[in-house]
Amino acid sequence: MSCERRIERALSNGIILPLTRHSRYAVFSDCHRGCGNMSDNFLRNQHLYFAALEHYYNEGFYYLELGDGEELWENRCLKRIQDSHSNVYLKQECFKKQNRFGKIYGNHDMELKKELPESIILKNREGGRDLYMIHGHQADFFNSVCWKISRFLVRYVWKPLELFGINDPTSAARNYRKVHKYEKCMLETAEKKNIYLIAGHSHRPHLMEQELYVNAGSCVHPWGITVIEIENMNMNLVKWFMGTRHDGTLYVQREVLEGEIPIG
């Protein structure tokens with residue numbers, strides 16, 4: 001099955017939400033929440049993520065998470081992850097109680113596929129294109145069709161080697177050749193179907209005017225986290241990171257990397 005066919009199948013297995021000029025969505029991806037140990041890549045950015053979560057909750061945004069929220073390739077126990085980041089899950093519960101929460105699964109949390117949908121579709125009520133959201137592993141043969149082999153290698157080979165600074169060459173987030181191949185498939189599929197295709201998986205944030213492929217990035221960048229904000233029928237690519245005031249104190253800062261891209 002081609003990557004386009006895998007994407008089509010994912011888009012047929014999703015939840016539908018409305019998109020209007022009054023909608024406010026914050027789109028996260030690839031949090032890779034772990035068990036709070038040395039291999040937990042989310043740990044260094046958990047304060048940034050929680051600050052962003054507080055902001056979007058207070059500002060009335062709908063929270064969307066596009067897969068790989070939990071790192072279940074390196075870790076076997078979901079409860080240990082939830083216990084390690086209990087403040088995050090308590091805040092997510094606040095979104096859920098107000099019906100402002102949507103989440104899909106990715107390749108690193110494939111074990112949750114019985115509980116979560118594979119895609120989210122924002123139906124445009126203003127006459128423009130709809131927004132289709134998937135994790136993106138569907139465009140990556142080794143991490144979709146062969147995901148159990150990939151999980152085995154990550155869990156027993158690349159996880160121990162990562163502690164010595166050796167990166168996983170099969171990962172789309174760390175292999176530039178795979179990244180370019182992945183982005184090409186996503187862009188061509190979006191253009192062929194004339195839809196906005198929003199994903200994660202590659203950890204490489206992407207938002208450009210006149211392009212239909214969008215990527216939310218991840219929450220495990222060394223310098224911060226990235227989010228796609230959808231508001232007033234526009235998309236913004238936002239970075240949350242630690243800033244420094246003139247007196248030397250640190251604070252969580254929000255910066256728009258690409259902004260006011262209209263949804264046409």
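Please read these numbers as outputs of a predicted model, since none were measured by experiment.
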Next on the checklist: Using the rule given for ring-ring contact (aromatic ring centres under 6.0 Å, His included), can you reason through Phe61 versus Tyr25, listing the C-alpha separation, both sets of side-chain angles and the distance that settles it, and then say yes or no?
Outcome noted: CA-CA 5 Å; Phe61 278 77; Tyr25 290 99; 8.7 Å; no
Checklist entry - Is Glu118 salt-bridged to Lys113, cutoff N-O under 4.0 Å? => result no
Next on the checklist: One pair to check against side-chain contact (heavy atoms from CB on, under 4.5 Å): Ile225 and Lys239. What are the steps and the verdict?
Outcome noted: CA-CA 6 Å; Ile225 70 175; Lys239 176 174 75 169; over 6 Å; no
Checklist entry - So, do Glu74 and Val154 sit near enough that their side-chain heavy atoms are less than 4.5 Å apart? => result yes
Item to check | His206/Glu211 under side-chain hydrogen bond (donor to acceptor under 3.5 Å, both in side chains): CA gap, chis, key distance, verdict | outcome: CA-CA 10 Å; His206 182 84; Glu211 283 200 10; 2.7 Å; yes
Checklist entry - Between the side chains of Glu115 and Tyr105, does any donor sit under 3.5 Å from an acceptor? => result no
Item to check | Over 12 foreign heavy atoms within 6.0 Å of CZ, Arg80 | outcome: no
Checklist entry - Is Cys3 close enough to Cys185 that their SG atoms are under 2.5 Å apart? => result yes
Checklist entry - Would you say Tyr196's side chain and Gly264's backbone share a donor-acceptor pair under 3.5 angstrom? => result yes
Checklist entry - In this structure, which one of Glu229, Arg100, Arg24 forms a side chain to side chain donor-acceptor pair (under 3.5 Å) with Tyr56? => result Glu229
Item to check | Check against salt bridge (charged side-chain N to carboxylate O under 4.0 Å, His left out), Glu111 and Arg151 | outcome: CA-CA 11 Å; Glu111 290 88 341; Arg151 182 183 62 182; 2.8 Å; yes
Checklist entry - Thinking salt bridges, do Lys193 and Glu8 make one under a 4.0 Å N-O criterion? => result yes
Checklist entry - Does the pair Glu255 and Val238 meet the rule for a side-chain contact (heavy atoms from CB on, under 4.5 Å), with working shown? => result CA-CA 6 Å; Glu255 177 186 350; Val238 171; over 6 Å; no
Checklist entry - Of the non-hydrogen atoms in Ile104 and His135, which two are nearest, and what is the gap between them? => result CD1-N, 3.6 Å
Checklist entry - Is there a donor-acceptor pair closer than 3.5 Å between any side-chain N or O of Glu93 and the backbone N or O of Phe95? => result no
Checklist entry - What pair of heavy atoms forms the shortest contact from Pro18 to Arg125, and how long is it? => result CB-NE, 4.1 Å
Item to check | Asn236/Glu258 under side-chain contact (heavy atoms from CB on, under 4.5 Å): CA gap, chis, key distance, verdict | outcome: CA-CA 6 Å; Asn236 295 324; Glu258 295 289 341; over 6 Å; no
Item to check | Audit row: Phe142, Ile149, side-chain contact (heavy atoms from CB on, under 4.5 Å) steps and yes/no | outcome: CA-CA 8 Å; Phe142 200 69; Ile149 297 175; 4.1 Å; yes
Checklist entry - Around Lys184, counting heavy atoms of other residues, nucleotides and ligands shown, do more than 12 lie under 6.0 Å from its NZ? => result no
Checklist entry - Which atom names give the shortest non-hydrogen contact between Leu43 and Gly36, and what distance separates them? => result CD2-O, 3.7 Å
Checklist entry - Do the side chain of Thr226 and the main chain of Ser218 share a donor and acceptor less than 3.5 angstrom apart? => result yes
Next on the checklist: Please say yes or no: joined through hydrophobic side-chain contacts below 4.5 Å, possibly via intermediate residues, are Leu66 and Leu11 part of one cluster?
Outcome noted: no
Checklist entry - What about Leu122 and Ile195, same hydrophobic cluster or not, with Ile/Leu/Val/Met/Phe/Trp/Tyr joined at side-chain heavy-atom distances under 4.5 Å? => result no
Next on the checklist: Run the side-chain hydrogen bond (donor to acceptor under 3.5 Å, both in side chains) test on His201 and Asp30 for me, step by step, so that the C-alpha distance in whole Å, both residues' side-chain angles and the decisive distance to 0.1 Å come before the verdict.
Outcome noted: CA-CA 7 Å; His201 186 59; Asp30 294 85; 5.3 Å; no
Next on the checklist: Between Ile228 and Leu53, is there shared hydrophobic-cluster membership here, with clusters defined by ILVMFWY side-chain heavy atoms closer than 4.5 Å?
Outcome noted: no
Checklist entry - Checking side-chain hydrogen bond (donor to acceptor under 3.5 Å, both in side chains) for the pair His85/Asp40: CA distance, chi angles, key distance, verdict? => result CA-CA 11 Å; His85 302 290; Asp40 187 350; 2.9 Å; yes
Checklist entry - Any side-chain heavy atom of Trp240 within less than 4.5 Å of one from Val227? => result yes
Checklist entry - In terms of ring plane angle, is the pair Tyr63 and Phe101 parallel, tilted or perpendicular, where the classes change at 30° and 60°? => result parallel
Checklist entry - Looking just at side-chain N and O atoms, do Ser202 and Asn215 make a donor-acceptor pair shorter than 3.5 Å? => result yes
Checklist entry - How about Ile230 and Ile263: do any of their side-chain heavy atoms sit closer than 4.5 Å? => result yes
Item to check | Heavy-atom side-chain contact between Ile120 and Tyr132 under 4.5 Å | outcome: no
Next on the checklist: Give me the atom names and distance for the closest heavy-atom approach of Ile7 to Thr189.
Outcome noted: CD1-OG1, 3.9 Å
Checklist entry - Charged N to carboxylate O below 4.0 Å: is that the case for Glu65 and Arg33? => result yes
Checklist entry - According to a 4.5 Å side-chain heavy-atom criterion applied to Ile, Leu, Val, Met, Phe, Trp and Tyr, with indirect links allowed, do Ile16 and Leu64 form part of one hydrophobic cluster? => result no
Item to check | Heavy-atom side-chain proximity of Ser23 to Tyr62 below 4.5 angstrom | outcome: no
Item to check | From CG (Leu197) to CD (Gln138), nearest 0.5 Å | outcome: 9.0 Å
Checklist entry - What's the shortest heavy-atom distance between Asn234 and Pro262, and which atoms? => result OD1-CA, 3.1 Å
Checklist entry - For the residue pair His221 and Trp223, does the interplanar ring angle fall in the parallel (under 30°), tilted (30 to 60°) or perpendicular (over 60°) class? => result parallel
Checklist entry - Is the Phe42-Tyr49 ring centre distance short of 6.0 angstrom? => result yes
Checklist entry - Going by an N to O cut-off under 4.0 Å, is there a salt bridge joining Glu54 and Lys91? => result yes
Next on the checklist: Are the side chains of Met186 and Ile134 in contact, using a 4.5 Å heavy-atom criterion?
Outcome noted: yes
Item to check | Polar side-chain atom of Asn75 near backbone of Gly34 as donor-acceptor pair, under 3.5 Å | outcome: no
Checklist entry - Is Arg245 positioned over the aromatic face of Tyr251, cation under 6.0 angstrom from the ring centre and no more than 45 degrees off axis? => result yes
Checklist entry - Between Gly14 and Pro117, which heavy-atom pair has the shortest distance, and what is it? => result CA-CB, 4.3 Å
Next on the checklist: Testing the 3.5 Å rule here: is there a donor-acceptor pair between the side chains of Asn124 and Arg129?
Outcome noted: no
Checklist entry - Do Thr244 and Thr249 come close enough that some side-chain heavy atom pair is under 4.5 Å? => result no
Checklist entry - Can you hop from Leu187 to Met133 via hydrophobic side chains spaced under 4.5 Å? => result no
Next on the checklist: Between the side chains of Glu183 and Arg204, is the shortest nitrogen-to-carboxylate-oxygen separation below 4.0 Å, so that they form an ion pair?
Outcome noted: yes
Next on the checklist: Students often mix this up, so state it plainly: with edges at 30° and 60°, are the rings of Tyr213 and Tyr182 parallel, tilted or perpendicular?
Outcome noted: perpendicular
